[in-house]
Structure formats: structure tokens, C-alpha cells
There are 2 protein chains.
Amino acid sequence: MSTAAARHQRLHAELRERICLLDYPPGTKLSEEALAAEFGTSRTPLRRVLARLEDEGLVESRHGIGTLVTDVDMALMTQVYDLRLHLSALVGQLDPLPVTPAVMAEIRDFVSRGEALLAAPDPRAFAALNSAYHGFGLSLTGSAPLRETAARLYYLTARIWLTSIPRMNLRSECAIFLGEMRETETALDAGDTAAAALIRRAHISMSVRRMSR
Amino acid sequence: MSTAAARHQRLHAELRERICLLDYPPGTKLSEEALAAEFGTSRTPLRRVLARLEDEGLVESRHGIGTLVTDVDMALMTQVYDLRLHLSALVGQLDPLPVTPAVMAEIRDFVSRGEALLAAPDPRAFAALNSAYHGFGLSLTGSAPLRETAARLYYLTARIWLTSIPRMNLRSECAIFLGEMRETETALDAGDTAAAALIRRAHISMSVRRMSR
DNA sequence: ACAGCCAGAGTTGTGCACAACTGTCTAGCT
DNA sequence: AGCTAGACAGTTGTGCACAACTCTGGCTGT
């Protein structure tokens, strides 16, 4: 059981990352056969992964044509962001977990990685760190449904930042990101998970503002 | 394209309803072969439907054992309800749609169906009407992500009511339900979608209270 | 010259046979 | 009698061959 399910999770996470990091830009045609060969399986298990990605809105399979990476519809993404905004604040309200030493070690690690990023700004490294930091933020709530829901919506919007960064100031974004993590470290140091969630919400909101200019 | 996707949707909705109406109680072993035969297809398309239901947390497939309907974990359901509570209120905040004559016709129809239900109380009819009414409530927002997210969580918790009703007063529940729909009719008549959403939230909250006694 | 059609390549969807796995029951040994 | 090992039935997971479908390119008839 574990091997099949584990592989499914692995392939799903891998393809999702490739899509969200724009290794597969919107419109890319994913070949079931090529991917199956790359991962050393047949089409059957791979098709289940693609079906899941389709349910999540990241790809779209058309009979006789191919499986295409969906494009980023701004009207839809605005709605997703509005929803994410509210959900991110809920992390501090729905079963917020106590701030353990392990959590503090994590946020400190994120701060140092943020400092490294600011020293050597890079879009892809930013996106990867942002994704990991998002997962950390969700780990502050004990509500599994909230975590899963927020994650699902996050991956829907994750591509927007990378498509917007050419029109933005990368170094400035890195500095703002590092600032957010430092603020969060302060909030968590005071044991205030709710405050950390509100900081997250505020920065998501401001990030959307900067991107949509 | 349409035929394959349409059948997938149809089978998915059908099996989901059977699970949520307890035609398949928790623990039921679903036979891929039997279901495929019933719907006149092979196991392959059916397995995609079951995979989706598994992603949604309604069934669980175990290699060599079978595909089992998940049981209702109260700790998890409490978390889902907490989240649903907040989401239901968002219907009135995120892109609330104007109240059209068609909407008023719908709510009036729901009120009359509620009156019929109160005249002849029946658990299964209640559950079915409740499901339809939930869909109507979501149709009041223009935010597709909110609709899909709320629906997903709704189906996770839909089975709780039917399992709790033996310990409750069916006729009283029908009366309360009818009352909610009448209140909502008043709110919508005033064009106040946000008020309708708050009424929904209040009744979900109270319903949970009554069930958990 | 142009319109329509047909054949072909390439892709996803389906069905089937078999592999992999689990739980049970029975036969045989101690 | 009790226990263990092995065969067996039943289930999901995988691989493969083929069906169904779409687009492209060129060919043919007018």
C-alpha cells in the first residue's frame, strides 16, 4: 500500500512544483507517455496523478489533444486571493498550536534563509522559499481541513508571483519578505500565533496590491 | 470530450450522494467490478471516480482489501464545521450576487418544499432538501473558489446529520429548517445577501450545538 | 486558384489480462 | 488439541493494446 500511495504523492508533488515554478509554463503540453517513461512507470499510475492535478485546476486534459497546463486567469485568481486572505487569518483563530522550541527553531531558520536570499536575490529561489514558508505558516494551526484547503488554494495562485516579478523590484520584494519573517519571529517569540497569522494576512494583501499594479 | 467528462461527473455525484445519504454506511466495501457493471463501464473510468472520492476523503482504497467508505471522525468533523462556519459567512462578503427575481423564485420554492417536509417529516427527504438548499446558499456568491471549497467541506460533514437524527427530534428539526428558509426569504427580499449568509452561519452553528448534545 | 476531403500522426480514454497484496480456511505436523 | 504453514479466494494496482478523437498537411476535383 505504502509504495503505491507514496509514489503517487511523490509524483504529484513533483509535477505540482514544476507547474508552480513555471518549469512547465501555462499552455505546456504534458505527454503522459514521456512523463511515465521519465518516472519509470506506465501511463496508468501517471494518469491518476494528472487527474488529481486536473481536479485541483492546474492542468486540463482534452481528448485527442493533450494535457495542458492551465493558464492563469486573473479574474479567478483575484477571487482565490480574496478567499486566501480570510483563510490565512483563520490560522490564528481555528485551533492555533502552541509555539514550541521546534517552531522557534524553524522560524529562525527561515529568517536566515531569507537573509541569504536578500544577499543573492533570485526569482526561483524566492518562489521556493515562499512555498516552504507558506507550509510553515499552515503548520501553526491544528486544523487539518484548514491546512489542506489553504494549501490547495495556495498552489492555484503560486504561479502569479513568478509571472509578475519581471514588472517588480526583486530586491525590494526579498527585503519585504525578510521583514515579514522577522516580524513573525517576534510574534511567535511572544507566543502569539494569532498575531503571526494576521501578519501573514497583511503581507498577502500588500503583495497582491504590488503585483496588480 | 463532453461524454467522458459528463459521465465522470454523473458517477461522482451519484456515488457521493449514496455515501452522504448513508445508502453506503461508513465501512461499506465498494466493489469496483460491481459498480462498473452497474454503470455499464469497465473498472478504468470507475477507478478515476473512486480516486476523486478518495482525494475528497469520502472513501479509502486499500490494496488487497477493498475500497471502504470512511467513517465519520468526530474530532475531524468538528474542525471542518468550524471552518465551514467562517466560509458560510464569507458568501455575503466575497462577491455577493444581486438578488434577482429568479433567486426569489428559488427561495420561495424552497420554503414551500420546507412546508411540505414539515407536513411529512422524513430523515432522508430532510437530508436531500438540506443538500439542495446548501447549493442554493452557495449560488449567492460569485466567487467560484468559495463555492467549490465550501461544497467540498459540506460533503465531508453531510453524513453527520443523518447519523445524529435518531437522537434528535425530527419534527422540531424540520420546523427549525423551515424557519431558517423563511428568515432567509425575508433577508433576500430586502436584497441583503450578507444577512442571508449570516442567517446560514447562525443556523449551522446552532445545528452543530443540537447535534453534539 | 480554391475549396473540400481524406489520410496520417499524435494524443487521451477504455477495456482487459495479469501482478501484487491481504485475510481466511484447511491440512498436516508436533 | 493446538499451532503453523501453505493454498486459495477476493480485492486493488499496473501494464499494454486498442478505440476514440483532434489537428495538420497535402491531394484532388472543379
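Quick note on labels: first sequence line is chain A, next is B, and so on, each numbered from 1.
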Pick out the pairs of N or O atoms, protein on one side and nucleotides 5-10 of chain D on the other, that lie under 3.5 Å.
unit_1, atom_1, unit_2, atom_2, d
D/dG10, N2, B/G64, O, 3.0

Indicate yes or no: at least one non-hydrogen side-chain atom of [X] is less than 4.5 angstrom from one of [Y].
X      : Y      : result
B/L83  : A/L90  : yes
B/R113 : B/M181 : no
A/R7   : A/V49  : no

Listed pairs under 3.5 Å, donor-acceptor, residues 153-160 of chain A side chains, sequence neighbours left out:
unit_1, atom_1, unit_2, atom_2, d
A/Y154, OH, A/S131, N, 3.4
A/Y155, OH, A/R16, NH2, 3.3
A/T157, OG1, A/R84, NH1, 2.8
A/T157, OG1, A/Y154, O, 3.1
A/R159, NH1, A/T70, O, 2.7
A/R159, NH2, A/T70, OG1, 3.1

Of the nucleotides [options], which has the atom closest to the [X] side chain?
X     : options                : result
B/R7  : C/dG13, C/dT14, C/dC18 : C/dT14
B/A4  : C/dT12, D/dT12, C/dT14 : C/dT14
A/H63 : D/dT12, D/dC21, D/dG15 : D/dC21

Under the rule for side-chain contact (heavy atoms from CB on, under 4.5 Å), what residues qualify as partners of [X], not counting sequence neighbours?
X      : result
B/E38  : B/R18, B/L35
A/E106 : A/F110, A/F136
A/R171 : A/L118, A/P121, A/N169

Original post:
salt bridge (Lys or Arg N to Asp or Glu O under 4.0 Å) with A/R210: which residues, sequence neighbours excluded?
Top reply: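 In terms of salt bridge (Lys or Arg N to Asp or Glu O under 4.0 Å), with neighbours along the sequence ignored, A/R210 is linked to A/E173.
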
Original post:
By salt bridge (Lys or Arg N to Asp or Glu O under 4.0 Å), which residues pair with B/E32, not counting sequence neighbours?
Top reply: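 B/E32 satisfies salt bridge (Lys or Arg N to Asp or Glu O under 4.0 Å) with B/R43, B/R47 once adjacent residues are dropped.
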
Original post:
Charged N to carboxylate O under 4.0 angstrom, B/D55 versus A/R152?
Top reply: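 No.
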
Original post:
Between A/R10 and A/E14, is there a side-chain N and carboxylate O pair less than 4.0 Å apart?
Top reply: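 No.
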
Original post:
How is A/L30 classified with respect to the nucleic acid when contacts are heavy atoms under 4.0 Å: base, sugar-phosphate, or nothing?
Top reply: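 Here A/L30 touches the backbone only, sparing every base.
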
May I have the list of side-chain donor-acceptor pairs in residues 141-150 of chain A shorter than 3.5 Å, sequence neighbours left out?
unit_1, atom_1, unit_2, atom_2, d
A/T141, OG1, A/L94, O, 2.7
A/T141, OG1, A/S143, N, 3.1
A/S143, OG, A/L146, N, 3.3
A/R147, NH1, A/T141, O, 2.8
A/T149, OG1, A/P145, O, 2.8

Subject >> hbond_proxy B/R43 side chain to D/dG13 base (donor-acceptor, 3.5 Å cutoff) >> reply: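 Under the 3.5 Å cut-off, the side chain and the base do form a donor-acceptor pair.
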
Original post:
In whole Å, what is the span from the CD atom of B/E60 to the P atom of C/dT22?
Top reply: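 To the nearest whole Å, that distance equals 14 Å.
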
Original post:
When the distance from CD of A/E32 to P of D/dG15 is rounded to whole Å, what number comes out?
Top reply: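 Atom-to-atom, A/E32 to D/dG15, this comes out as 14 Å.
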
Original post:
Quick one: is B/T67 getting a side-chain N or O under 4.0 Å of the D/dT12 phosphate, OP1 or OP2?
Top reply: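 Checking D/dT12 against B/T67, a side-chain N or O does come within under 4.0 Å of OP1 or OP2.
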
Original post:
Given C/dG15, is OP1 or OP2 found less than 4.0 Å from the side-chain N or O atoms of B/S42?
Top reply: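 Yes, such a contact exists.
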
**OP:** Kindly state which residues belonging to residues 8-18 of chain B come within less than 4.0 angstrom of DNA chain C, counting heavy atoms of the residue only, listed by number.
**Re:**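 Within residues 8-18 of chain B, no residue comes under 4.0 Å of DNA chain C.
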
Subject >> Strand-adjacent residues in residues 46-56 of chain B, judged by heavy atoms under 4.0 Å from DNA chain C >> reply: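 Heavy-atom cutoff 4.0 Å gives no residues at all.
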
Original post:
Are A/R52 and A/H8 close enough that a side-chain donor and a side-chain acceptor fall under 3.5 Å?
Top reply: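 The criterion, which ignores hydrogens and geometry beyond distance, is satisfied for A/H8 and A/R52.
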
Subject >> Nucleic acid contacts of residues 33-41 of chain B, taken as heavy-atom distances under 4.0 Å to DNA chain D >> reply: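 Heavy-atom contacts with DNA chain D come from no residue of residues 33-41 of chain B; none.
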
Enumerate donor-acceptor pairs with a distance under 3.5 Å from any side-chain N or O in residues 200-207 of chain B to protein atoms, sequence neighbours excluded.
unit_1, atom_1, unit_2, atom_2, d
B/R200, NH1, B/E180, OE2, 2.9
B/H203, ND1, B/I199, O, 3.2

